[in-house]
Protein chains: 2
Amino acid sequence: MKTRPYHHGDLRTALLALAEQTLRERGPGALSLRELAREAGVSPAAPSRHFKSKQALLDALGLEGFDRLTAELAAALERSGDTFADRLAALARVYLEFAVANAALHDLMYAYKYDPDASDELIAARRRLGAMTAELIEAGQGRGEVCEGPVDRVALPLTAALQGLAALAVTGAIPSGRIERAADDTVAFVLRGCAPTGGTTAASLP
Amino acid sequence: MKTRPYHHGDLRTALLALAEQTLRERGPGALSLRELAREAGVSPAAPSRHFKSKQALLDALGLEGFDRLTAELAAALERSGDTFADRLAALARVYLEFAVANAALHDLMYAYKYDPDASDELIAARRRLGAMTAELIEAGQGRGEVCEGPVDRVALPLTAALQGLAALAVTGAIPSGRIERAADDTVAFVLRGCAPTGGTTAASLP
DNA sequence: ACCTGAACACCGTTCAAGT
DNA sequence: ACCTGAACACCGTTCAAGT
């Protein structure tokens, strides 16, 4: 007779998977540690062995999100062309897709604002993502397709535009049928913003 | 002898004020209807006469935030110069200031994503804010300082950049000492993005 | 090492009853 | 109309005890 073993097997992973499902299907307000434990067939106190608090579980979930997003972006850049315009378009497309397809998770990833001692790992993951766009811009500067100057002065507005676009899409400010065009418009907008001064735009370079 | 009257006087207003204070001082996670009631010197059931649920109180708070922000922006535009560059800079400055000074409230304003039946008033308030930037852009087009075309195709990227900038500032991605320069950079970035095609930028017009 | 059972101090919401 | 008191069905977290 197949009886439940005393040990779950991999409760930590199971809890994370269940949490992500709940997040996706019923939003962050519906996420309860006790309910997760029930769904995993385990006592209310069991999760505390793997996550010292509910916030710790949320942090772990957010970290997973950053890792997945970073991997998807890296893969997309791998496949993309060499011009700054091509690479920016690829980045924007994948980022927006991720944010829309994982709206609640994407929210969580940037919601460590009120965490008393925000998880260091989470901040590090975010920094890794930031490093990707910095590399993108430096390469663009090397090709003469992006205006010169400290990377941050371009990276910040660029990141703001992309993240803001994702926020608009997720909150429904953009009708879902027009998300792709909004993305194209934003990429064109950002390209003009990044263009070398006093000359042609990056998009019009050979 | 001064004894507490049976009626509070203006419980609704008192609850909203207490809620905003808690939000500001201890973040959204610390917001409890019961605690608010305690602080107002009233029974746990009393708030339900004024807000049919906790979410309804949050919606009312968000609505208040939109009203205040809209008023501040309108006042700033009133005082500002006539060029698109001037008006955009004024808008950006005030918006960013508001977001940073009211971080938790600003968050709340855009957090109706998972509200089952998102408050219509809240959506309307947001639309009013959107109308302000649309007017800004149309005026800029009228002066030949913004590229032609459907307003949305400029308004969306512009809004994305400003909202994204606010998000970066609030989450601490921008060191608080460099927020003002980041704002200036973003305004310059947006100006280039909005500029009439094939010509000088809006910033360089007389 | 991993989990249970029971307890503690909280929640939001509802509803009869009071003023 | 506005509020109280008491109840209901939940929470997150802790801690001795079990396997």
Side-chain angles (χ1 to χ4, degrees), chain A residues 1-23 25-62 108 111-112 114-119, chain B residues 1-23 25-62 108 111-112 114-119:
Chain A
M1 146 183 174
K2 269 199 221 171
T3 151
R4 260 268 174 54
Y6 185 76
H7 289 258
H8 177 280
D10 196 354
L11 184 55
R12 201 192 124 95
T13 307
L15 287 173
L16 283 174
L18 285 168
E20 202 199 329
Q21 193 189 344
T22 305
L23 208 56
E25 292 171 1
R26 292 155 57 219
L31 207 60
S32 141
L33 225 40
R34 282 183 104 105
E35 187 177 319
L36 254 30
R38 255 173 345 245
E39 288 172 354
V42 105
S43 94
S48 75
R49 288 293 132 181
H50 302 276
F51 304 100
K52 76 175 209 291
S53 70
K54 185 182 185 181
Q55 186 58 53
L57 184 145
L58 294 179
D59 286 354
L61 214 49
L108 198 68
Y112 55 82
Y114 305 103
D115 201 347
D117 42 1
S119 151
Chain B
M1 147 180 169
K2 267 199 219 166
T3 152
R4 259 266 175 53
Y6 186 75
H7 289 261
H8 175 281
D10 196 354
L11 184 54
R12 199 191 125 96
T13 307
L15 288 173
L16 283 174
L18 285 168
E20 201 200 329
Q21 194 189 342
T22 305
L23 209 54
E25 292 172 0
R26 290 156 57 218
L31 207 61
S32 139
L33 225 39
R34 282 183 105 106
E35 187 177 318
L36 255 30
R38 246 159 8 228
E39 288 171 354
V42 104
S43 92
S48 75
R49 288 293 130 184
H50 302 277
F51 304 100
K52 74 174 210 295
S53 70
K54 185 182 185 180
Q55 186 59 53
L57 184 145
L58 295 179
D59 286 354
L61 214 49
L108 198 67
Y112 55 79
Y114 305 103
D115 201 348
D117 42 1
S119 151

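Each chain gets a letter, A, B and so on, in the order its sequence line appears, and its residues count up from 1.
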Taking the basic N atoms (NZ, or NE/NH1/NH2) and the acidic carboxylate oxygens, is any pair closer than 4.0 Å for B:R26 and B:E35? yes

Interatomic distance, B:R49 CZ vs C:dA17 P [rounded to whole Å]: 15 Å

Candidate list A:V42, A:L16, A:L15, A:L11, test side chain to side chain contact (heavy atoms under 4.5 Å, CB included), partner A:L36, passing option: A:L15

In whole angstroms, the gap separating P of D:dC10 from CG of A:L36 amounts to 16 Å

Among the nucleotides C:dG5, D:dT13, C:dC3, whichever has the atom closest to the side chain of A:A46 is C:dC3

Would you please name every residue forming a side-chain hydrogen bond (donor to acceptor under 3.5 Å, both in side chains) with B:T13, sequence neighbours left out? B:D10

Please report the distance, rounded to the nearest Å, between NZ in B:K54 and P in C:dT14. 15 Å

In this structure, how many angstroms lie between the P atom of D:dC2 and the CZ atom of B:F51, rounded? 13 Å

Contact nearer the 5' end of DNA chain C, comparing A:R34 with B:L31: A:R34

Grab the CG-P distance between A:L58 and D:dT13 for me, whole Å please. 10 Å

If pairing means Watson-Crick or G-U wobble with both distances under 3.5 Å, then the partner of D:dC2 is C:dG18

How is A:R38 classified with respect to the nucleic acid when contacts are heavy atoms under 4.0 Å: base, sugar-phosphate, or nothing? sugar-phosphate

Pairing partner of D:dT13, by Watson-Crick or G-U wobble and under 3.5 Å for both distances, is C:dA7

Quick one: is C:dC3 close enough that its OP1 or OP2 comes under 4.0 Å of any side-chain N or O from A:H50? yes

Can you give me the closest heavy-atom contact between A:A30 and A:T22, atom names plus distance? O-CG2, 3.8 Å

Just call it for A:S32: base, sugar-phosphate, or nothing, with non-hydrogen atoms closer than 4.0 Å on any strand. sugar-phosphate

B:V42, nearest nucleotide to its side chain (from C:dG12, C:dG5, D:dT4): D:dT4

Between B:L57 (CG) and C:dC11 (P), how many Å, whole number? 15 Å

Please check if the side chain of B:K54 supplies one atom and the backbone of B:L31 the other of a donor-acceptor pair under 3.5 Å. yes

Whole angstrom value for the distance that separates C1' of C:dC15 from NZ of B:K52: 18 Å

Quick one: A:E35 CD to D:dC11 C1', roughly how many Å, whole number? 11 Å

